[in-house]
Amino acid sequence: MKAKKLGVFILAAALTAGALAGCGGKESSNNTPNTNAGTGTDDSGDGGSGEVTELTFYNADLTEDDPWTDPVAQVLTEKTGVKLNVDHPVGEDKQRISLMIAEQNFPDLIYAKGDAGSLIDAGVMLDLTGLIEEHGPNIKKMYGDEFDKLKYSADDPAIYQLSSYAMGGTKFEDSGTAQVQWAVMKENDYKIPETLEEFEQMLKSYKEAHPKTEDGADTIGITLSASDWHWMITLGNPAGYIAEGAPDNGQWLIDDSYHATYKFTSDKIRDYFKWLNRLYNEGLLDPEFATQTHDDYIAKIASGRVLALLDTQWDYIDAEKILKSDGKLEQTYCGLPLTADKDTKAPSLMYQGLATGQGVGITTACEDPVAAIKFLDYICSDEGQVLVNWGIEGTNYQIDENGHRYRTEEEIKEEAENKDYKKTTGVGFHNYPFPCYGTGVTDSTGSTYTTDSKESIIAEYNEEQQAACKAWNVELLVDIFPQPSEFETPAFPPTWAYSMPTDFVEISNKLDEVAQASLVGCVIGSEADFDSAYDKMVSELESSGMNDAAEILTDMVKGKAALTQ
C-alpha cells in the first residue's frame, strides 16, 4: 500500500455518542440466544463452527473496559466466530496512535478517531475495497447511494475505514440548540422563544421569581463547560447553530461555493459572544463556567439549579438520569430550536449526509482480514443491527402481534435510570463506533433498526413532555423545529470527521488554542472592553495561519464533493 502524506484532523471533539439501544432472539436448545427471530435470514458471519478467532481492537473513544462478556458480545461471537480483545486509552493517554506507529505494533481492528490520517500516512491501514466487494454485501447495502463517500479522496479512492456515524435516518428527538428546564417553560406558558432576547427575558423572569431551589440552593441562569475540550461543545458549537443557523462543520463555516471560514470571525457570531458577555456581567451566566471541571458541571446540572444550557444531550445525559431518578422531572430539559433572530433557522434536524473520515478499519497487522471484514459485515446486517441496538429477544425486547419489536416499560425505565445499563446488558454498548443505520430506518419487518421509532418516542414521553406536546398541539417535541425537508443535504460530508494534512492540523490546533482562551476572555471581560478584545483575537487568529488553513480545507471540501458528483 502506498503511504499517504496525510495526518490527523482534530477540528472538534464532538463525540457522538449517538448511543442507541439493543436486539436479540429466543433461547435455543444449547442455552445461547438466537437472534434470528423477527430479523429475517442472514448469511453473514461464520458462527456455528465452534472455533473462535480472537482479534484485537483499539477503540480511541472508549473510556471504560469492555471485557466482551456481556450477553450481546457473547451473541456476536456466536454469530461471527470472532471475539474482540478490546483496548482503549487510559487516563490522559493522548499518544497511543503515535506510539503504535513508532513501535510498529498495531491491533487487528482500530478506531483511531481523529488520528486515522497518521495511520494512513504510515501505510498501516488496509484498503477495504476488495474485501467489501467479496465479503461485504451488508456493508454495501447499508451505505447504498452514499458508498462513494467512504473513499479517501478523489486522488486516492481507497476505503480505509467504514463510518462510525449513522447512515440515513430521521431525527424524532433532538436537544436543539439550547435547553431550558420544563419548570421554566411551564411558567412561560410553553411559549417558544424565537430570539435571544426572548430567551434571556424568560430566564431572567423565572430566576427573579425563583432565586432558590426547593433545597435552598441559588438558581443559575445558564452554565457552560469550558475548562477543557468541552468548550467546543458548549461555547463553540452553539455559536454557529444559533448565530448563523449553520450545521456542524467543526470550527468552520462552509458556504455554497465550498469556501471555508473560521467561524469565530463571523460578525453574527461576534454578536452572539457580545450577548454572552453581557449575560456574564449581569449575573445570568454562571461565573464559574470557564473554571469548573466537567464533573462539576454535571453535578451542578444534576442538582436542579441550572435553568438553561447551551449544549447537546449526550453531553449532559448523566445529569438528567440523576434528576429523573430523584423524581425531579421539572428540572430536566426541553430542547429548543433557538436562534439569534426569527430569520435564522435552527439546523438541528438537518441531515448533513454520511460523516466519513472517522471509523473502524483493518490494519496490515491483521492476520485474518477476511474474519475481520465478515465481523464488520455481520454488524451491518439486519440481524447484527437488531442485536447491537435492541439486545436479546425475550430479555431486552419483545415481538408484538404485527411482528414489530418493542420494549417493556420496565426495560425502558431501566435504561433511562441505570447509568450502567449498556455495559451490563451490552444493549447499545457495541453499536458505536461500528457502522449503523440512523434513527427511523426500517428493516424488512417494518421495525426500526434503532429503538427510537416515532411511535416509541411518543410512547416514552414523560408527563412533562406530554404536557408540552399538548400545549403546542404536536405529536413530537421536534415538530416545533425547522424540518429536514427545509434543508438540502450537502454534497460533502461534515468536515469535523475528516482526516486532514498535518500542516492543517498544526494550524487548526493553534487556532483552537487561541479561540478557547480568547473567547473566554471576551465573555468574562467588561462590556466596554469586548470589541477591542475580540479584535485582538481575530488578529491573533490571522497571524496563526487561519487563512492558510481555510485554503486547505476549502480544497479538501471541494475534493470530497467531487466524489459524489
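For clarity, every value in this text was computed on a predicted model and none was experimentally measured. Just so you know, residue 1 is the first one in the sequence shown, and it goes up from there.
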Checklist entry - Does the pair Lys171 and Thr439 meet the rule for a side chain to side chain contact (heavy atoms under 4.5 Å, CB included), with working shown? => result CA-CA 6 Å; Lys171 289 186 178 180; Thr439 303; over 6 Å; no

Say you draw a straight line from [atom1] of [X] to [atom2] of [Y]; how long is it, rounded to the nearest 0.5 Å?
X	Y	atom1	atom2	answer
Cys366	Ile373	SG	CD1	9.5 Å
Thr495	Trp252	OG1	CH2	9.0 Å
Gln161	Leu119	CD	CG	8.5 Å
Lys141	Ser381	NZ	OG	8.5 Å
Ile97	Tyr58	CD1	OH	5.0 Å
Lys374	Asn138	NZ	CG	12.0 Å

Item to check | Pairs touching residues 533-546 that satisfy side chain to side chain donor-acceptor pair (under 3.5 Å), sequence neighbours left out | outcome: Arg270-Asp535

Next on the checklist: Considering only residues two or more places apart or on different chains, which pairs with a residue in residues 334-354 satisfy side chain to side chain donor-acceptor pair (under 3.5 Å)?
Outcome noted: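 Listed by first then second residue: Glu146-Tyr351, Asp341-Thr344.
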
Item to check | Cationic N near anionic O, under 4.0 Å, Arg96 to Asp115 | outcome: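 A salt bridge is absent here (no side-chain N lies under 4.0 Å from a carboxylate O).
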
With no hydrogens and no angle check, just 3.5 Å: does a side-chain donor-acceptor pair link [X] and [Y]?
X	Y	result
Thr450	Asp452	no
Thr234	Asp311	no
Thr129	Asp127	yes
Asn431	Tyr437	no
Asp382	Tyr449	yes
Tyr272	Tyr241	no

Checklist entry - Which residue, Ile192, Ile242, Leu338, forms the side chain to side chain contact (heavy atoms under 4.5 Å, CB included) with Phe199? => result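 By the side chain to side chain contact (heavy atoms under 4.5 Å, CB included) criterion, Phe199 pairs with just one of Ile192, Ile242, Leu338: Leu338.
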
Over all heavy atoms of both residues, which pair between [X] and [Y] is shortest? Give the atoms and the distance, please.
X	Y	result
Lys149	Pro493	CD-CG, 4.3 Å
Met556	Ser499	CE-O, 3.5 Å
Met167	Val441	O-CG2, 4.0 Å
Asp108	Glu367	OD1-N, 4.1 Å
Phe481	Gly176	CE2-CA, 3.5 Å
Leu235	Ala226	CD2-CB, 4.5 Å

For the backbone of [Y] and the side chain of [X], can you confirm whether one donor and one acceptor N or O come within less than 3.5 Å of each other?
X	Y	result
Ser518	Ala515	no
Thr363	Ala365	yes
Gln385	Pro435	yes
Lys151	Tyr160	no
Asp555	Ile552	no
Thr554	Ala260	yes
Thr177	Leu336	yes
Gln104	Ile101	yes

Checklist entry - Does the pair Leu387 and Leu76 meet the rule for a side chain to side chain contact (heavy atoms under 4.5 Å, CB included), with working shown? => result CA-CA 8 Å; Leu387 173 62; Leu76 282 170; 3.7 Å; yes

Checklist entry - Going through the checks in order, is the salt bridge (charged side-chain N to carboxylate O under 4.0 Å, His left out) test met by Glu244 and Lys263? => result CA-CA 9 Å; Glu244 287 278 359; Lys263 68 184 179 187; over 6 Å; no

Item to check | Criterion side chain to side chain contact (heavy atoms under 4.5 Å, CB included) on Phe57 and Tyr111, from CA distance to verdict | outcome: CA-CA 8 Å; Phe57 171 49; Tyr111 172 60; 4.1 Å; yes

Are the side chains of [X] and [Y] in touch, meaning some heavy atoms are under 4.5 Å apart?
X	Y	value
Asn547	Tyr262	no
Leu376	Leu109	yes
Thr80	Ile379	no
Met537	Leu519	yes
Pro247	Pro494	no
Leu511	Gln251	no
Asn249	Leu253	no
Leu55	Asn85	no

Neighbour count >12 (heavy atoms, 6.0 Å) for atom [atom1], [X]:
X	atom1	value
Glu551	CD	no
Glu133	CD	no
Glu64	CD	yes

By side chain to side chain donor-acceptor pair (under 3.5 Å) - contacts of [X] (at least two apart):
X	result
Ser456	Ser453
Asp65	His88
Gln313	Glu320

Item to check | Trace of the side chain to side chain donor-acceptor pair (under 3.5 Å) decision for Asp443 with Thr445 | outcome: CA-CA 5 Å; Asp443 65 11; Thr445 71; 2.6 Å; yes

Next on the checklist: Checking Asp318 now: which residues fulfil salt bridge (Lys or Arg N to Asp or Glu O under 4.0 Å) with it, not counting sequence neighbours?
Outcome noted: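 With sequence neighbours excluded, Asp318 shows a salt bridge (Lys or Arg N to Asp or Glu O under 4.0 Å) to no residue whatsoever.
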
Next on the checklist: Does Tyr143 form a side chain to side chain contact (heavy atoms under 4.5 Å, CB included) with Leu162? I'd like the steps, not just the answer.
Outcome noted: CA-CA 9 Å; Tyr143 290 118; Leu162 304 183; 3.7 Å; yes

Checklist entry - Relative to the ring of Phe264, is the ring of Phe273 parallel (under 30°), tilted (30 to 60°) or perpendicular (over 60°)? => result perpendicular

